[in-house]
Amino acid sequence: MGDFTVGDEDFLLDGRPVRLLSGALHYFRVHESQWGHRLAMLRAMGLNCVETYVPWNLHEPGPGRYEDVGALGRFLDAARAAGLWAIVRPGPYICAEWENGGLPHWLTGPLGRRARTCDAEYLERVDRWFRVLLPQVAERGIDRGGPVLMVQVENEYGSYGTDRAYLEHLAGLLRSCGITVPLFTSDGPEDHMLSGGSLPGVLATANFGSGAREAFGVLRRHQPSGPLMCMEFWCGWFDHWGTGHVVRDAADAAATLEEILACGASVNIYMAHGGTNFGGWSGANRAGELHVGALEPTVTSYDYDAPIDEAGRPTEKFWRFREVLAKCQGGRPLPELPPEPVELAVLRVGSADGDTADGVIPDGVTAEGSAGSLAVALDGWAGLGEVLDVLGGEERESPVPPTFEELDVDRGLVRYRLDVPGPRQPYALGVLGLRDVATVYVDGVRAGVLDGEEATLRDPVPGGAAVELWVESLGRVNYGPRSGESKGIVGGVLHERQYLHGVRARGLRLDAFDSPEAVGKVAFGPAGVAGAVGLHRGRVELAPPRAPGAPDAYVFLQLPGWGRGFVWVNGFCLGRYWGVGPQRSLYVPGAVLRGGSNEVWVLEVGGGVG
């Protein structure tokens, strides 16, 4: 057991000054079989601590229905076994480029802007969740022999609101749930952010990617004493679909890390290892300085241009950081790196023009040590309507289109059906309040793809037509004033200026595919054309010498020429693919692979590149 406290100038462990050299590694973005390897990589880089968020929506997908809440405790035990301390950031809101900032859709749907305030209904849900989650954190505090040094109060609240009573409630809730280690807040180094997100008597920390001296100067105006810490040193960044891949020069990032340490501060490298947004859990942002503009969905990879890449390999940034951090070890040598993960193969699902595997390696992946490129042979296809009939929810009829939240759809898509009355002449058909993208069919024929808050089909639609709109969520907003907004059609469907009423809506949740038995009830026909809308089934053989199933192995999967959709390997959802890039391949952890036949499902919803 240890006594970790916040001193006037330093963190103190059993009364002695200690500097926290932490790295962010989210247990929910790394396959559990790989936790040990990734934590060993943190130690080898020169870190003594690991930080993780906790996504509420992953663990409570429905009110009072909990799933694997104990994963956090297992991760903290793995951190301790690796010789690392731990910092826990339980939310309830986490941002993290994660769906809805970690808040459950069933909570933000009815509450709207009352979330993240001292609203009684919201706090009742938070209280209940924390009383389920936090006992495993409390019992792993350093004062009880565990690795946990500190726990965060909310997350970057100063970027969102000013409800001091809300923050005070959360701080009291953490204490009442048994948390005895120090609490802290973290915010951007701006006066309004620190004033909105800080609490008296709770350590304030700052988040930034450069300008350490200036950032700490602002922090000191709000907190004259106490240890300095950059709780998020942004050493890279994340990508949005349809944009370029973001990178940061390794030497520049290392220089900023050195500047932070030269200020006498502690640091948490965000991200030390990013991992992957498996399961379609990627969030989204809104464009513009105030984050209220166009939707910007986040890609599946959370590589983040981190020092440890998505596959668990050291990058140039790793070696630069290791050189800087080696100076903080008091003359002790750094641990050796664990064995590097082995690339087994590159899997390719044939493109829409009949292309097959040709040995092309995805961006950032070397062919060295690879088994080469293997084709996934498609052997079955079912139309999207047939898949919905088997795996979808109940169809609901209402005067206006229900939102995703009203249909209890967190990740996935919704089919809206309606009829245009007649007789009448053809008029423009449009949607008000569309989130995020809709593929429209008129009398069974694809008529176009709509996106944006207000969108209209190019060609007019006649009276008497039957219209279907398949709306897909591209990820709920995770940051800014529009976080927590509803998905689907939040306005209505217009024919000329007239609302069309009488809507039949049915949801298809991604987690409906979690059961291979359920998917097995889908009536697959012969293999369809690669890239056609619907559910494709394929297989690929992996020989035992390639060690499938090993946690230190991996493959990348590509879908050249396909449009937009989701992929599963042996029932494990890899996440979204999208032909617009910048991500061109999906990471597959070796633990989900097996020797012999591996089954691949591809749910194509976009239909061709774009």
Side-chain angles (χ1 to χ4, degrees), residues 6 11 20 22 24 51-56 87-98 100-103 108 113-119 122-123 126 130 149-175 179 181-209 211-212 214-234 260 265-268 270 283 285-286 289-292 477-484:
V6 175
F11 293 114
L20 301 187
S22 180
E51 171 268 313
T52 187
Y53 280 125
V54 181
W56 182 3
I87 296 170
V88 179
R89 304 168 80 186
Y93 163 83
I94 63 172
C95 184
E97 291 71 60
W98 187 260
N100 215 25
L103 296 174
T108 57
R113 65 185 185 276
R114 289 187 286 148
R116 300 185 74 190
T117 72
C118 60
D119 175 80
Y122 172 71
L123 291 181
V126 174
F130 270 18
L149 299 178
M150 296 195 297
V151 174
Q152 182 172 274
V153 181
E154 236 267 0
N155 182 63
E156 293 186 321
Y157 189 71
S159 297
Y160 180 79
T162 60
D163 193 336
R164 177 65 60 81
Y166 168 54
L167 296 182
E168 291 172 345
H169 176 91
L170 290 181
L173 177 61
L174 291 168
R175 292 304 188 203
I179 301 299
V181 298
L183 305 180
F184 69 94
T185 59
S186 66
D187 288 284
E190 305 278 349
D191 287 326
H192 69 291
M193 294 179 181
L194 285 164
S195 62
S198 301
L199 277 175
V202 174
L203 178 71
T205 65
N207 301 339
F208 54 84
E214 293 81 0
F216 287 138
V218 176
L219 181 59
R220 273 291 178 241
R221 289 205 300 268
H222 292 260
Q223 183 172 262
S225 64
L228 294 173
M229 183 164 188
C230 176
M231 188 53 67
E232 291 185 17
F233 163 45
W234 304 320
I260 292 171
S266 291
V267 66
N268 178 50
Y270 194 100
N285 290 283
R286 288 285 180 180
E289 184 178 354
L290 298 180
H291 302 276
V292 294
V477 173
N478 53 252
Y479 179 82
R482 293 190 62 172
S483 58

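Residues take their numbers from the sequence shown, with the count starting at 1.
- The closest donor-acceptor contact from the side chain of Asn100 to the backbone of Gly102 lies at 3.5 Å or more, if one exists at all.
- Among residues at least two apart or in separate chains, salt bridge (Lys or Arg N to Asp or Glu O under 4.0 Å) pairs with a member in residues 185-194 are Asp191-Arg221.
- In terms of heavy atoms, Phe130 sits closest to Pro90 at CE1-O, 3.8 Å.
- Using a 4.5 Å heavy-atom cutoff, the side chains of Ser198 and His222 are not in contact.
- A pairwise comparison of heavy atoms in Ser266 and Ile260 identifies O-CG2, 4.0 Å as the closest pair.
- Side chains of Thr205 and Cys230 form no contact here, defined as non-hydrogen atoms less than 4.5 Å apart.
- The shortest distance between side-chain heavy atoms of Pro481 and His291 falls below 4.5 Å.
- Across all non-hydrogen atoms, the minimal contact from Leu199 to Ala171 is CD1-CB, 4.0 Å.
- Using a 4.5 Å heavy-atom threshold, the side chains of Phe11 and Leu149 count as separate.
- Residues Gly209 and Trp234 share a closest heavy-atom pair of N-CE3, 3.4 Å.
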Evaluate side-chain contact (heavy atoms from CB on, under 4.5 Å) for Ile94 paired with Trp56, printing each intermediate quantity in order.
CA-CA 9 Å; Ile94 63 172; Trp56 182 3; over 6 Å; no
Test log, rule side-chain contact (heavy atoms from CB on, under 4.5 Å), inputs Met150 and Met229
CA-CA 12 Å; Met150 296 195 297; Met229 183 164 188; 4.1 Å; yes
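- A donor-acceptor contact shorter than 3.5 Å links the side chain of Thr117 to the backbone of Arg114.
- Panel note: side chain Arg164, backbone Glu168; no donor-acceptor pair is recorded below 3.5 Å.
- A salt bridge (Lys or Arg N to Asp or Glu O under 4.0 Å) check over residues 192-203, counting only residues at least two apart or in different chains, returns nothing.
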Does the side-chain contact (heavy atoms from CB on, under 4.5 Å) test come out yes or no for Leu228 and Arg220, once each step is laid out?
CA-CA 8 Å; Leu228 294 173; Arg220 273 291 178 241; 3.6 Å; yes
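- Contact annotation: the side chain of Leu103 never approaches that of Trp98 to less than 4.5 Å [non-hydrogen atoms, C-beta and beyond].
- Side chain of Ser22 to main chain of Asn268: no donor-acceptor pair is present (N/O by atom type, distance under 3.5 Å, no hydrogens or angles).
- For Tyr160, the ring pair (Phe, Tyr, Trp, His ring centres under 6.0 Å) criterion is met by no residue, not counting sequence neighbours.
- Note on ring orientation: taking the six-membered ring where Trp is involved, the planes of Tyr270 and Tyr53 are perpendicular (angle over 60°, cut-offs 30° and 60°).
- Closest approach of Tyr122 and Pro92 over heavy atoms only: OH-CG, 3.4 Å.
- Ion pairing of Glu154 with Arg89 is absent here, as no side-chain N (NZ or NE/NH1/NH2) approaches a carboxylate O to less than 4.0 Å.
- The side-chain contact (heavy atoms from CB on, under 4.5 Å) with Leu183 is formed by just one residue from the set Val151, Leu170, Val6; it is Val151.
- You'll find the side chain of Val153 stays beyond 4.5 Å of the side chain of Phe184, heavy atoms only.
- Taking 4.5 Å as the limit, every side-chain heavy atom of Pro182 sits out of range of all side-chain heavy atoms of Leu203.
- In this structure a side-chain-to-backbone donor-acceptor pair under 3.5 Å is missing from Gln152 to Thr185.
- Between atom CD1 of residue Ile87 and atom CG of residue Leu20 there is a gap of 5.5 Å, rounded to the nearest 0.5 Å.
- The ring pair (Phe, Tyr, Trp, His ring centres under 6.0 Å) search around Tyr93 returns none, not counting sequence neighbours.
- The shortest distance between side-chain heavy atoms of Cys118 and His169 does not fall below 4.5 Å.
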Candidate pair Cys95 and Glu97, rule side-chain contact (heavy atoms from CB on, under 4.5 Å), full reasoning:
CA-CA 6 Å; Cys95 184; Glu97 291 71 60; 4.0 Å; yes
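- Qualifying side-chain contact (heavy atoms from CB on, under 4.5 Å) partners for Asn285, counting only residues two or more places apart in sequence or in other chains: Phe238, His240, Glu296, Thr298, Asn478, Tyr479.
- A donor and an acceptor atom, one from each side chain of Tyr166 and Tyr157, are nowhere located under 3.5 Å apart.
- Evaluation of the side chain to side chain donor-acceptor pair (under 3.5 Å) rule for Glu156 yields Asn207 as partners, not counting sequence neighbours.
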